[in-house]
Amino acid sequence: MPDGRPSIWKNPAAVRLLLIALLAETAFATLNLASMPHYLRSDRLFSPGMIAIIMASFMLAEAVLKSPLGHLADRVGCRRLLVIAPLLSAGSAVLTILAPRTGTSLDVAVMIGLRLVDGAAAAMIWPAMFSAMGETSDQDLQQESLSLLNSCYFVGIALAFPISGFINQLFGATARGVIGQYAPSFLLAFVMFVACAVVAATSTLPQKVAHHEDPSHEPGNLLDAFRRIPQFMIMGAVVFVALGLPMTIIQFFAKDQLKLSQAGFGALVLPGAIAMALLSAPISKLGKRLGTATSVHLGLAICLSGMIVIALGQFIPALRTLLAFGIAGLPLGLGFLLAIPAWYTSVSEVDPARRGSNIGAVMAAQGLGAIVGGIIGGKIYGLGSAYGPFILCAIALAVSLALSYRLIPPPPKAQPEIES
């Protein structure tokens, strides 16, 4: 029986934003995470060091530009950016395939330039997405809507691996001598990016966010944002250092330690993606009942529990199995489904008039943290420590959990009334 409460699913603009988010992140992850390392190594024959530089250029552009582009979303409205951003990445997907193979440094420069475009597009779309969702959702649905939006982000990443692996396995042999063995998935990303732009262009989304005339709401840079919300930026950076540590090596770990191909790794990730999709709505409702602080604390604790199991593979051979790795990965996804939307709710509530700017600044700090974590994780893995990145990730998550209690303290317990 309907309970009469408002539901995000009755809001067409919010539903379209969720669709855009799912398509966009699946496309971004397909292009830049699932297939790009394999494409650069096998089809373009770049060295591991050069691949690291090219991949870092995407993350660097995304991190640096999120704050100013988040402010731009506040100023010109979200819909324009949600149309422009996917079209930029659609173009970069095709140009990556068509880029010349000269055997010179020009090849590297072109790849870096295209990844910079992708990073700018990602920096454009996500602050606008969170800001638009905040504007289109009722106040009592804020955390639920941000939770579902965050679910689309993680589910999109998870889906990208099996989808791209399947497409490349299906068409890779035929495409090897034409556009590259790992290039067919780029064409799929192109289609998804175009679909994002079409949905955004035909949606009723916020055109422009109202601003206060207070001088404190004038545009600023990351340093200005750090002066306003330093604790949020520091914690965001630490959390994403943790995420970045295994991010750049996860597929190589799967291949070297678990003996999985790209398609095999995708098949491992797929059950987790399905579970996240099915559980995103219940978890969002749970987060709403628990409240912001409890959701952040509990979510990070659940993530930490899963990462500890993976990290213990360094010391316990019985945990160095495909089954143990897959089971331990589930709490990671579920914990972030609970923690991250509550985290963004906290950021957005600091100053609603600067919602896009503040979220953009925190996302920029997170992006820089992911770059640092990725570089450190790659170096450690390259030195022969397969589980080292996971051990450091567990440590960083423990630090994040401790910081969260300082930044977002638990609500005070209600005191029992004393009868006079």
Side-chain angles (χ1 to χ4, degrees), residues 23-65 69 83-125 156-157 160-161 163-197 247-248 251-252 261-263 266 367 370-371 374-375 378:
L23 285 171
E25 191 52 36
T26 305
F28 276 122
T30 294
L31 181 59
N32 291 295
L33 296 180
S35 292
M36 189 60 67
H38 296 288
Y39 176 77
L40 294 175
R41 183 170 66 173
S42 299
D43 292 328
R44 290 283 178 168
L45 304 180
F46 288 137
S47 68
M50 198 57 66
I51 292 173
I53 293 174
I54 295 171
M55 299 296 293
S57 63
F58 167 77
M59 293 186 289
L60 181 61
E62 183 180 9
V64 170
L65 293 175
L69 290 175
V83 173
I84 294 170
L87 291 179
L88 287 175
S89 281
S92 75
V94 174
L95 291 175
T96 297
I97 297 172
L98 298 178
R101 301 169 187 255
T102 65
T104 67
S105 57
L106 176 64
D107 296 359
V108 177
V110 169
M111 287 296 145
I112 290 177
L114 291 172
R115 301 290 68 77
L116 289 174
V117 172
D118 275 337
M124 189 181 297
I125 201 169
I157 292 175
F161 289 96
I163 290 174
S164 60
F166 173 76
I167 292 295
N168 290 332
Q169 189 172 47
L170 189 62
F171 300 107
T174 304
R176 179 179 299 173
V178 184
I179 59 176
Q181 179 181 356
Y182 292 95
S185 59
F186 295 170
L187 297 178
L188 175 64
F190 168 82
V191 172
M192 288 188 286
F193 281 129
V194 171
C196 283
M247 182 174 61
T248 58
Q251 290 200 75
F252 301 130
S261 64
Q262 186 194 17
I371 292 172
I375 292 172

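Quick note: residue numbers are just sequence positions, from 1.
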[X] side, atom [atom1]; [Y] side, atom [atom2] - distance, nearest 0.5 Å:
| X | Y | atom1 | atom2 | value |
| --- | --- | --- | --- | --- |
| Gln169 | Gln181 | CD | CD | 10.0 Å |
| Thr26 | Ile163 | OG1 | CD1 | 6.0 Å |
| Met192 | Thr30 | CE | OG1 | 4.0 Å |
| Asp43 | Arg176 | CG | CZ | 8.5 Å |

**Study point:** Set of side chain to side chain contact (heavy atoms under 4.5 Å, CB included) partners for Phe166, sequence neighbours left out
**Key:**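 Partners of Phe166 under the side chain to side chain contact (heavy atoms under 4.5 Å, CB included) test: Leu170.
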**Study point:** Set of side chain to side chain contact (heavy atoms under 4.5 Å, CB included) partners for Leu45, sequence neighbours left out
**Key:**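 In terms of side chain to side chain contact (heavy atoms under 4.5 Å, CB included), with neighbours along the sequence ignored, Leu45 is linked to no residue.
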Point to revise | Nearest heavy-atom neighbours spanning Ile97 and Arg44 | key: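 Minimum heavy-atom contact is O-NH2, 3.7 Å.
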Exercise for review: Taking all heavy atoms of Pro184 and all of Ile179, pick out the closest pair and write down the distance.
Suggested key: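 That would be N-CD1, 4.3 Å.
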Non-hydrogen side-chain atoms of [X] and [Y] separated by less than 4.5 Å:
| X | Y | result |
| --- | --- | --- |
| Ile125 | Pro86 | yes |
| Leu187 | Ile167 | no |
| Glu25 | Ile157 | yes |

Check your understanding: Please walk me through it: do Met247 and Met59 pass side chain to side chain contact (heavy atoms under 4.5 Å, CB included)?
Key -> CA-CA 12 Å; Met247 182 174 61; Met59 293 186 289; 3.3 Å; yes
Point to revise | Of all pairs that satisfy ring pair (Phe, Tyr, Trp, His ring centres under 6.0 Å), the ones with a partner from residues 174-193, not counting sequence neighbours | key: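 Sorted pair list: Phe28-Phe193, His38-Tyr182, Tyr39-Phe186.
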For residues 108-123, run the donor-acceptor check on the side chains, cut-off 3.5 Å, and write out each pair with its distance to 0.1 Å, sequence neighbours left out.
residue, atom, partner, partner atom, Å
Arg115, NE, Asn32, OD1, 3.0
Arg115, NE, Asp118, OD2, 3.3
Arg115, NH1, Thr96, OG1, 3.4
Arg115, NH2, Thr96, OG1, 3.2
Arg115, NH2, Asp118, OD2, 2.7
Asp118, OD1, Ser89, OG, 2.8
Asp118, OD1, Ser92, OG, 2.5
Asp118, OD2, Ser92, OG, 3.3

**Study point:** Those residues that, when tested against Thr104, pass side chain to side chain donor-acceptor pair (under 3.5 Å) (two or more places apart)
**Key:**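 Result, side chain to side chain donor-acceptor pair (under 3.5 Å) vs Thr104: Thr102.
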Review point. Please, which pairs that meet side chain to side chain donor-acceptor pair (under 3.5 Å) have at least one residue in residues 184-194, sequence neighbours excluded?
Key: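 Pairs touching residues 184-194 that pass the test: Ser35-Ser185, Asn168-Ser185.
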